[in-house]
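Here is the structure we will look at, set down as structure tokens.
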2 protein chains.
Amino acid sequence: MAGSTSARRAGGRTRLSRESILDRYIELADRSGGTEVSLRALGESMGVDPTAVYRHFRSKDELLTAVTDRLLAGVVDAFEPTGDWRLDLRALALLTRGVYLSHPRLARLLAHSPSSHPSNASLIEACLAALRSAGLGDADAAAAVELMENYVAGVSSLNAEMGDAEDGAWRRELAALPPVRYPHVTAVADRLYRGDDRNFEFGLDLILDGLEARAGLISSLPARGP
Amino acid sequence: MAGSTSARRAGGRTRLSRESILDRYIELADRSGGTEVSLRALGESMGVDPTAVYRHFRSKDELLTAVTDRLLAGVVDAFEPTGDWRLDLRALALLTRGVYLSHPRLARLLAHSPSSHPSNASLIEACLAALRSAGLGDADAAAAVELMENYVAGVSSLNAEMGDAEDGAWRRELAALPPVRYPHVTAVADRLYRGDDRNFEFGLDLILDGLEARAGLISSLPARGP
DNA sequence: ACCTGAACACCGTTCAAGT
DNA sequence: ACCTGAACACCGTTCAAGT
């Protein structure tokens, strides 16, 4: 191969564009799990001045907004609805979790970017379709979709922050506490912090259980006056 | 009063200590809602060289760890158990949420600091006491306490990041989407993003409902062999 | 024992200058 | 039209020097 790090300087014309910048940024972010990718590192990786990105994006925030949109679009594309609302919500949640696990920073960003997220709207649409088909009323469906977004983004990005190498340090520390003062902690310490994914799904299923109960409650009501 | 910004230079001896640094840091963090407090700003506020803090804390992370411990200790102190496990878990969750709302950064920090958080252990102890008194088995109680921590810290710190001034921009944008492509979104858009606190409690209650169902399930079983 | 001040290695961003 | 390069205003942190 003539260039695995091709754009470094080899080809001559480096042809920067919004798309090529997004590609490279995501590649770098995926590779250096967790730590922020600086515009200087991005520029160097593309064989270009660190400030060249500013000719295509107004700011780093705008770049990250575009990154978010692309990654969420990937979620929408990968999602294959089954018609079973529980399975569908579960699939959407796990797919979205994958995005935030590899890009923890995006959660905070999406939280306060009030525009240009078409793929986010598609994601909400898919969630709402499942929630309403479950039999939830408009108020509950609206609350539920917002909750799902916050739960997935909040918990997953938090999980991603600690990332590697916690290998039970917490568990051991809690287990070593004096049992007289911490009877409950020491009693169950060996069951604590045994994997974020499992715990995420535990919470997800509790929420889905709760939604199912609410939906069943409504549909089993005799009638409902306005 | 001789000095509202007393430590600036007035008194002469500025007497730095771990306690006085923590006091001032929390004060500054509370005041400048959301934006990070730099060590330079902290030093200036105390009338002291920006690097003087390093004589009392090994790093900024160690400082923030101490801040976390103090704030969580405040939660444990403020908590008054009622004996009703649901009320108690709710109270603990809302008190802890308050900490992360005013100090969003702490969630990420607590996530990967594997030591010296006695107040965190007390918090877990209080949660576990409530969960076990609800009738949950050890495995469920352990999963539940971890979930509660992640839910409260993850969602609340995410809520805090967006902070002020989102005043329905999202809602208006979603409502303005083409109804043909986004039928569900446009149908419920006016019910979306109407306050983080309400949605936080909606999710919290769903989780508590789910836990209650699990506890009831177990205690209504005929018996359980080992 | 504690604080200072210069210095180092980073950030995101702006702007005049190049081509 | 796009990229460069110096510069600005920030970071956390280190370390020799002061008192």
Side-chain angles (χ1 to χ4, degrees), chain A residues 6-26 28-29 31-68 103-106 108-109 112-113 161, chain B residues 6-26 28-29 31-68 103-106 108-109 112-113 161:
Chain A
S6 57
R8 180 66 67 101
R9 176 173 286 258
R13 296 235 47 70
T14 311
R15 276 335 276 142
L16 236 46
S17 71
R18 284 179 72 98
E19 288 309 305
S20 68
I21 292 172
L22 287 178
D23 286 340
R24 190 55 133 269
Y25 184 90
I26 292 173
L28 290 181
R31 200 182 309 165
S32 66
T35 59
E36 263 288 298
V37 174
S38 71
L39 294 185
R40 282 172 167 85
L42 178 60
E44 197 204 10
S45 153
M46 303 191 79
V48 113
D49 192 87
T51 67
V53 185
Y54 284 88
R55 247 49 60 192
H56 300 85
F57 295 94
R58 212 162 321 192
S59 65
K60 192 177 185 183
D61 263 24
E62 196 195 277
L63 199 178
L64 290 175
T65 297
V67 168
T68 308
H103 304 271
R105 172 100 184 261
L106 296 188
R108 293 194 284 156
L109 191 77
H112 50 182
S113 64
E161 300 282 358
Chain B
S6 58
R8 180 65 68 100
R9 178 174 285 259
R13 296 237 44 73
T14 312
R15 276 335 275 141
L16 235 47
S17 71
R18 283 178 72 98
E19 288 311 304
S20 67
I21 291 172
L22 287 178
D23 286 341
R24 191 54 133 272
Y25 184 90
I26 292 175
L28 290 181
R31 199 182 309 165
S32 65
T35 59
E36 262 289 299
V37 174
S38 71
L39 294 184
R40 281 172 167 85
L42 178 61
E44 198 204 8
S45 154
M46 302 191 80
V48 114
D49 191 87
T51 67
V53 184
Y54 284 88
R55 246 49 61 194
H56 299 85
F57 294 95
R58 212 160 321 191
S59 65
K60 192 177 185 183
D61 263 23
E62 196 195 278
L63 199 177
L64 290 175
T65 296
V67 169
T68 307
H103 304 272
R105 172 99 185 263
L106 296 188
R108 294 194 283 155
L109 191 77
H112 51 181
S113 63
E161 300 282 357

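We name chains A, B, ... by the order of the sequence lines, and we start the count at 1 in each one.
Look at C:dC10: it lacks any Watson-Crick or wobble partner with both distances under 3.5 angstrom. Under the Watson-Crick or G-U wobble criterion, with both distances below 3.5 Å, C:dC15 is paired with D:dG5.
Protein atom CZ of A:Arg58 is 18 Å distant from nucleotide atom P of C:dG12, rounded to whole Å. As a whole-Å value, the separation of B:Leu39 CG from D:dT14 C1' is 13 Å. Distance CD1 (B:Ile21) to C1' (C:dC2): 11 Å, rounded to an integer number of Å. Put simply, NZ on A:Lys60 is 19 Å from P on D:dC10, counting in whole angstrom units. Whole-Å rounding puts the B:Asp61 CG to D:dC11 P distance at 17 Å. Remark: P of D:dA9 and CD of B:Glu44 are 16 Å apart, rounded to the nearest angstrom. At whole-Å resolution of the value, CZ in B:Phe57 and C1' in C:dC2 are 15 Å apart. Rounded to an integer number of Å, the gap from B:Arg40 CZ to C:dA7 P is 14 Å.
Both B:Arg55 and B:Val37 sit near DNA chain D, but only B:Val37 has its closest nucleotide nearer the 5' end. Comparing B:Asp49 and A:Tyr54 by the nucleotide of DNA chain C that holds the closest heavy atom to each, the one mapping nearer the 5' end is B:Asp49.
In this structure, the separation between NE2 on B:His103 and CD1 on B:Ile26 is 6.0 Å, given to the nearest 0.5 Å. With rounding to the nearest 0.5 angstrom, the CZ atom of B:Arg40 is 9.0 Å from the OG1 atom of B:Thr51.
Using a 4.0 Å heavy-atom criterion, one finds that B:Thr51 contacts the bases of the nucleic acid, with or without backbone contacts as well.
Listed here is the closest heavy atom pair of A:His56 and A:Leu16: NE2-O, 3.5 Å. Among all heavy-atom pairs drawn from B:Asp61 and B:Arg105, the shortest one is OD1-NH2, 4.1 Å.
For A:Asp49, there are no salt bridge (charged side-chain N to carboxylate O under 4.0 Å, His left out) partners, not counting sequence neighbours.
The phosphate of D:dC3 (OP1 or OP2) has a side-chain N or O of A:His56 nearer than 4.0 angstrom.
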